[in-house]
Trainee: 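Got a structure for you, questions after.
Any value given below was found using the heavy atoms of this structure, including those in side chains, with hydrogens, waters and symmetry copies removed. Whatever order the structure lists ligands and atoms in, that order sets their numbers, starting from 1. Residue numbers start at 1 and run along the sequence shown.
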Amino acid sequence: MKLLKEKIINEGKVVDSEVLKVDNFLNHQLDINFLNEIGKEFKEIFKDIKVDRILTIESSGIAIAYAAAKYFDVPVVFAKKTESRSLDEEIYESQIFSFTKGRAYKARVSKKYIKNGENILILDDFLANGRAVLGLKSIVEQASANLSGVGIVIEKGFQEGGRLLRDMGINLKSLAIIDSMEKGKIKFR
Ligand code: G4P
């Protein structure tokens with residue numbers, strides 16, 4: 001997606017050869033008009049698949065899922081990372097290990113919000129090692145729902161997530177794939 005690549009080049013900051021900071025429009029401050037274009041693009045890319053619900057994970061995934069959901073006209077469900085007394089007792093849960101953060105956490109979704117046989121589109125901001133997507137996929141499977149696609153805004157192609165998920169036959173589409181960020185220079189696929 002041309003607009004996204006321009007945004008990454010103009011506003012992104014390469015922290016080191018593995019981490020890209022996009023706080024200005026995606027991870028801290030939100031550029032609403034830009035997010036709207038992201039939502040529209042996901043609808044265009046996934047126009048031929050059936051989507052009953054969009055699933056993401058807090059926190060950065062929420063804005064993206066919201067922007068896309070307007071075009072799919074479906075509800076958004078976000079997995080919660082923190083334990084909460086208000087969360088239903090009947091939940092689907094999966095353990096996710098974050099290599100970026102060096103720790104494991106749990107993602108939880110109430111059984112009320114994913115139903116047997118539904119077609120689920122997973123959306124998220126970054127794909128690194130793919131563990132968050134695999135955790136959400138497990139939740140979709142626990143609900144006996146169908147994973148119809150996975151949409152990512154920025155895939156870091158030099159980490160293993162993309163290959164792992166594509167090898168599993170997952171319908172994965174990324175709006176931008178970064179192949180390297182050596183010496184501060186971003187190379188797109
Ligand atoms: P994985 O799911 O693909 O295995 O990724 P990993 O656990 O390594 O990533 C953990 C968190 O770091 C995720 O955010 C992910 O979006 C984010 N992340 C990974 N690589 C980058 C990067 O290069 N730049 C930025 N800005 N973020 C990156 P999270 O823990 O879900 O936090 P949140 O921001 O959604 O709350």
Trainee: Would you call the rings of Phe97 and Phe99 parallel, tilted or perpendicular if under 30° counts as parallel and over 60° as perpendicular?
Mentor: perpendicular
Trainee: Using a 3.5 Å distance criterion without hydrogens, assess whether the side chain of Ser98 forms a donor-acceptor pair with backbone atoms of Lys101.
Mentor: yes
Trainee: Salt bridge check, Arg163 against Glu155: does any charged N sit closer than 4.0 Å to a carboxylate O?
Mentor: no
Trainee: Mind checking ring-ring contact (aromatic ring centres under 6.0 Å, His included) for Phe188 and listing every partner two or more places apart, or none if nothing turns up?
Mentor: none
Trainee: What residues sit with at least one heavy atom under 4.0 Å from ligand 1?
Mentor: Glu18, Val19, Leu20, Asn27, Glu58, Ser59, Ser60, Lys81, Ser98, Phe99, Thr100, Lys101, Asp125, Phe126, Leu127, Ala128, Asn129, Gly130, Arg131, Ala132, Lys156
Trainee: Please list, one pair per line, the donor and acceptor atoms closer than 3.5 Å that link side chains of residues 68-75 to other protein atoms, with sequence neighbours excluded.
Mentor:
| residue | atom | partner | partner atom | Å |
| --- | --- | --- | --- | --- |
| Lys70 | NZ | Asn36 | OD1 | 3.1 |
| Tyr71 | OH | Asn36 | OD1 | 2.9 |
| Tyr71 | OH | Asn36 | ND2 | 3.2 |

Trainee: Who passes side-chain hydrogen bond (donor to acceptor under 3.5 Å, both in side chains) against Lys106, sequence neighbours left out?
Mentor: none
